[in-house]
Amino acid sequence: MAIIEAPPTEQLALTGTVESDYKPAGVFTRPKSGGTGWKSWLTTVDHKKIGIMYGATALVFLLIGGFEAILIRVQLWSPRGTLLSANAYNQVFTMHGTTMVFLVVMPIGAAFANYLMPLQIGARDVAYPRINAYSYWMFLFGGLLLNSSWLLGGGADGGWFNYAPNNGVLYSPSHGIDFWNMGLFITGIASLAGAVNLIVTVLNMRAPGMSLMRMPVFTWMTLVTQFLLLFAIPVLTVAQVLLMMDRLFDANFFNVAKGANPLLWEHLFWIFGHPEVYLMILPAFGLVSDMLPVFSRKPIFGYPFIVFSGVAIGFMGWGVWAHHMFVSGIGPISVTAFSLTTMFIAVPTGVKILNWTATMWGGKLRFTTPMLFSIGLVTMFTIGGLSGVTHSVAPADTQQTDTYYIVAHFHYVLFGGAFFGFIGGFYFYWPKVFGYMLNEKLGKYNFWLMLLGFNLTFAPMHILGLQGMSRRIYTYDAGYGFDLWNKVATIGAFILASSVFLFIFNIFYSRAKAKSLPPVGPDPWDARTIEWMIPSPVPEYNFDPIPTVTRVDDFWYRKYGETKDGKLVRIAATEDVVQQRSDGKHIHLPSPSYWPLVAAFGMPIIGYGLIFNLWLCLIGGIIVVGGLFGWALEPPDDPDAAHADHDPVAHGSDDGSAAEGDTVGVTEKEVEPVG
Amino acid sequence: MASAVQTHESVAAADAHAAHAHIDHDTNTGISNTKLGMWLFLASECLLFGGLITTYLLYKHPLEGPTPKQIFDIPFTSTSSFVLLMSSLTMVLAVSAIERGDHQRLRIWLGATALLGATFISGQIYEFTAFVREGLGFTTSRFSSAFYTLTGFHGVHVTVGIIMLVSLVLLSLRGKLPEHRSETVEIIGLYWHFVDVVWIFIFAVVYLIP
């Protein structure tokens with residue numbers, strides 16, 4: 001910051017003492033900014049590119065996790081299925097759950113948070129652009145390490161929550177759970193770094209006038225989500241450290257013979273795990289809260305309520321974990337207490353559902369694809385939420401535990417909730433991100449196919465569960481009445497899979513079609529929040545100039561006003577209030593860097609080292625430490641970056657200097673050693 | 001940070017609709033990004049140590065092998081704890097030195113902090129080897145696993161802190177730590193104080209409470 005924004009004399013002085021000490025040659029040169037080839041993706045620190053990479057990677061993992069789901073459903077098609085052995089089945093459902101939670105839903109949330117949140121608050125980038133890149137690479141390497149277990153002796157086989165002592169070497173002698181452990185350590189570091197980064201961004205880098213209570217709901221939900229991550233991830237890390245010590249170094253944390261209490265794992269896991277389910281759903285809640293008002297042409301009903309119910313979920317989410325453990329013998333007092341908290345947490349969730357419904361009430365609804373998915377979320381999540389409330393009735397829960405009823409419940413909230421919201425968000429934001437609309441007709445087919453497949457797959461599981469079919473059992477016998485509903489569920493799973501393929505087809509189809517269509521403008525949906533006032537696809541510098549925000553849905557009220565009797569009137573043409581693409585030459589952006597990739601690359605090597613040979617840890621450690629030192633010693637910015645017009649005269653006069661105020665501050669502060 | 005006011009003026013002047021612009025600092029909260037980030041990281045660390053301390057409390061009575069009472073050398077650990085706590089004092093002096101622009105003192109106090117930290121770590125290594133010699137291996141009992149994991153984790157944190165302190169001294173020697181970056185020292189100081197405070201808890205819970 002000082003280098004650019006300081007008065008001329010100081011600037012010269014600093015150039016003499018600080019800048020000349022950096023010899024930006026050789027290994028410490030920063031890559032050139034503004035590139036477009038594959039290299040620019042490897043070294044990028046642009047929150048938009050990182051967001052896209054998060055999304056793309058998550059979609060690939062979705063295909064892997066979805067394939068595992070299909071394997072499960074085919075195995076259960078008929079009694080005594082023979083596609084998978086019991087052992088293979090254990091691995092497949094474990095990896096399905098782990099992949100979907102950690103490598104699909106969480107990263108898609110991260111993709112939206114990365115791409116959208118800085119746009120919604122009017123920032124140039126996130127607070128620490130390089131740490132942001134580091135988070136992505138850590139997520140990617142963690143995911144790859146986790147899935148490499150398939151090639152190196154088999155996946156984890158203890159269920160996604162890997163209960164002790166079943167996760168010990170005694171009961172799971174393959175390295176699968178070690179891979180699970182190492183992979184999730186690495187993605188955990190990614191989440192933690194991302195959480196710090198995004199929280200600081202929201203708190204510190206909002207545009208002028210963007211007070212907390214003027215932020216779009218998605219940004220609010222991102223803030224809550226990242227706080228949940230900040231506090232939940234370390235608890236999982238503790239559990240994983242204990243597990244790693246047990247499995248690799250013969251410690252006694254879950255060794256019952258030495259007096260250990262396996263319940264410790266359950267507590268630690270679910271203290272992480274329940275906030276985890278909220279941090280998976282809240283980003284989708286945020287997206288829906290931004291989409292419904294657009295397609296109802298009404299402001300969100302009760303903005304403070306929807307914000308504070310999200311915050312309340314964030315707090316209360318910490319007090320309900322033991323409802324996962326009602327059958328573990330935690331005692332009547334605990335069961336009663338956690339039953340009550342579980343009932344209470346339905347209240348803020350119900351507030352949200354009421355608000356969404358009331359937002360649509362009396363609105364001019366447009367049933368576009370994003371709107372359909374949003375309504376899909378509201379309805380499907382309500383079903384999942386209600387079956388969730390039945391878990392709070394402890395005697396009933398005792399019957400439901402570990403049956404397909406639970407499987408049905410959490411797929412209704414995570415698929416019917418989170419995933420519907422995300423697909424809707426993809427349709428909604430696709431033009432903003434890539435500059436072309438996804439085909440609406442295919443999109444509507446996509447929605448109805450997905451809704452049908454989803455309900456065919458998971459609704460029968462309620463019945464199966466109440467009939468007593470256990471989850472995580474690789475087969476069943478004929479004559480229990482399970483046959484029919486399993487067949488229905490399997491058919492549903494294939495329909496669901498085809499709807500996902502239709503979505504992917506739509507991406508490529510619309511892209512090809514888009515060439516013959518006029519370019520999509522900044523605001524194709526007549527939307528409300530400020531990210532829609534910048535060109536599509538978003539220019540590298542985001543806003544020019546940074547807008548001043550005066551109320552919630554600021555962009556909408558630049559377009560529309562209200563008459564005395566509350567009628568909506570247009571006060572400005574969209575073309576007049578959106579920003580035009582500028583060359584952005586006068587805007588100083590953070591320079592790309594190799595080092596996040598290097599520092600992240602060492603981590604999976606350490607992971608493999610812990611599993612196979614400790615010498616590898618040394619190599620990985622050297623790469624990590626080298627990467628961090630390269631990172632810390634790297635010049636704050638590419639000296640050759642295009643900002644030659646930095647004479648102080650041009651400074652206070654144009655909007656670019658406001659931009660520099662932000663970004664240069666970011667890059668300069670961000671060079672501190674990060675440990 | 002030296003020029004926060006300057007930034008403010010240019011932002012305000014730049015924005016065409018500045019009626020609602022009320023940036024009094026270069027960030028919305030007035031706390032720099034790095035410092036806020038460190039606070040958040042430390043908040044997260046609280047849960048990490050909280051989990052490990054809880055685990056220790058659950059497992060502190062071993063079924064076999066040496067018990068805490070038999071093995072702990074309270075006077076020795078009290079001394080090394082005192083050394084670690086004194087390093088917080090030298091850390092404060094280091095921050096105050098760079099804020100005054102006294103780079104010589106800065107390096108002395110940073111070095112002293114690192115040295116005190118290293119003394120603590122040496123004490124821990126000595127303590128661990130002594131315990132192992134007395135029959136308390138990592139795998140001996142549930143107590144030993146919990147004890148070594150908790151205190152070892154803290155030791156790793158202190159070691160990382162020492163590496164950061166030494167890096168600061170080296171940066172300062174090469175003239176790359178000017179006054180306007182004094183916040184870097186302050187932020188690493190935050191980390192260091194946190195590690196000290198955590199040790200107060202660990203020392204009380206592990207060594208003092210029977």
Side-chain angles (χ1 to χ4, degrees), chain A residues 1-2 5-7 10 17-18 21 127-128 192 195-197 199-200 203-206 208-209 230-235 237-239 241-242 245 249-253 255 258-261 264 268 545-550 632 651-658 661 665-666 669-670 672-673 675, chain B residues 1-4 6-23 26-29 31-34 36-37 40-41 43-48 50-52 55 58-59 62-64 138-139 141-142 144-146 149 153 160 164 167 174-176 178 180 184 187-188 191:
Chain A
M1 160 139 314
E5 291 294 339
E10 198 185 330
T17 54
V18 182
D21 280 351
Y128 321 102
L192 194 61
V196 171
N197 203 345
I199 293 172
V200 173
L203 293 183
N204 260 358
M205 298 177 65
R206 281 163 282 129
L230 185 77
F231 294 123
I233 291 291
V235 183
T237 306
V238 169
V241 166
L242 305 186
M245 293 296 181
F249 304 106
D250 295 323
N252 302 308
F253 292 109
N255 180 358
K258 296 265 176 115
N261 187 349
L264 174 66
L268 288 175
I546 304 272
T548 298
V549 176
T550 56
H651 237 274
S653 61
D654 66 350
D655 297 312
S657 54
V666 172
K669 281 172 230 156
E670 199 246 329
E672 317 298 355
Chain B
M1 294 314 87
S3 56
Q6 187 78 10
T7 313
H8 156 50
E9 283 167 359
S10 53
V11 168
D15 207 306
H17 353 255
H20 286 260
H22 57 271
I23 301 187
D26 56 339
T27 62
N28 297 114
T29 55
I31 307 168
S32 79
N33 287 350
T34 340
L36 188 58
L40 290 168
F41 171 69
S44 173
E45 290 272 278
C46 288
L47 274 281
L48 188 83
L52 289 170
T55 305
L58 188 64
Y59 287 164
L63 298 188
E64 57 202 289
F138 182 61
T139 60
S141 63
R142 59 183 189 179
S144 72
S145 297
T149 304
F153 239 80
V160 169
M164 293 199 288
S167 306
R174 294 171 65 192
K176 288 185 181 174
H180 71 86
T184 308
I187 287 165
I188 290 180
Y191 174 86

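Naming convention: chains lettered A, B, ... in sequence-line order (proteins, then strands); numbering from 1 in each chain. All values below come from the heavy atoms of this structure, side chains included, with hydrogens, waters and symmetry mates left out.
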Applying side-chain contact (heavy atoms from CB on, under 4.5 Å), can you list everything that pairs with Ala146(B), at least two apart in sequence or on another chain? Phe253(A), Tyr56(B), Tyr59(B)

Determine the minimum heavy-atom distance between [X] and [Y], stating which atoms define it.
X	Y	answer
Leu47(B)	Pro234(A)	CB-CG, 3.7 Å
Tyr128(A)	Gly37(B)	OH-CA, 3.1 Å
Arg142(B)	Lys258(A)	CD-O, 3.5 Å
Asn33(B)	Ala127(A)	ND2-CB, 3.8 Å

Using the side chain to side chain contact (heavy atoms under 4.5 Å, CB included) rule, take Thr149(B) and Val241(A) through it: C-alpha gap first, then chi angles, then the decisive distance, then the call. CA-CA 9 Å; Thr149(B) 304; Val241(A) 166; 4.0 Å; yes

Measure the spacing between SG of Cys46(B) and CZ of Phe231(A) and express it to the nearest 0.5 Å. 8.0 Å

For the atom pair CG (Leu40(B)) and CD1 (Ile199(A)), what is the distance rounded to the nearest 0.5 Å? 5.0 Å

Of all of [options], which one pairs up most often with chain B through heavy atoms under 4.5 Å apart?
options	value
Asn255(A), Asn261(A), Val235(A)	Asn261(A)
Val196(A), Asn204(A), Leu192(A), Val238(A)	Asn204(A)
Asn197(A), Asn252(A), Leu268(A)	Asn252(A)

Atom group of Leu242(A) that falls short of 4.5 Å from chain B, counting heavy atoms: side chain

With side chain to side chain contact (heavy atoms under 4.5 Å, CB included) as the test, would you mind laying out the steps for Ile233(A) and Ser44(B) before giving the verdict? CA-CA 8 Å; Ile233(A) 291 291; Ser44(B) 173; over 6 Å; no

State, with a plain yes or no, whether a side-chain heavy atom of Leu58(B) is found less than 4.5 Å away from one of Leu264(A).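 Counting from C-beta outward, Leu58(B) and Leu264(A) do come under 4.5 Å.
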
With a 4.5 angstrom heavy-atom cut-off, is it the side chain or the backbone of Tyr191(B) that approaches chain A, or both, or neither? neither

Report yes or no: does Asp250(A) contribute a side-chain atom to a donor-acceptor pair with the main-chain N or O of Thr139(B) at less than 3.5 Å?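 A pair under 3.5 Å: no.
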
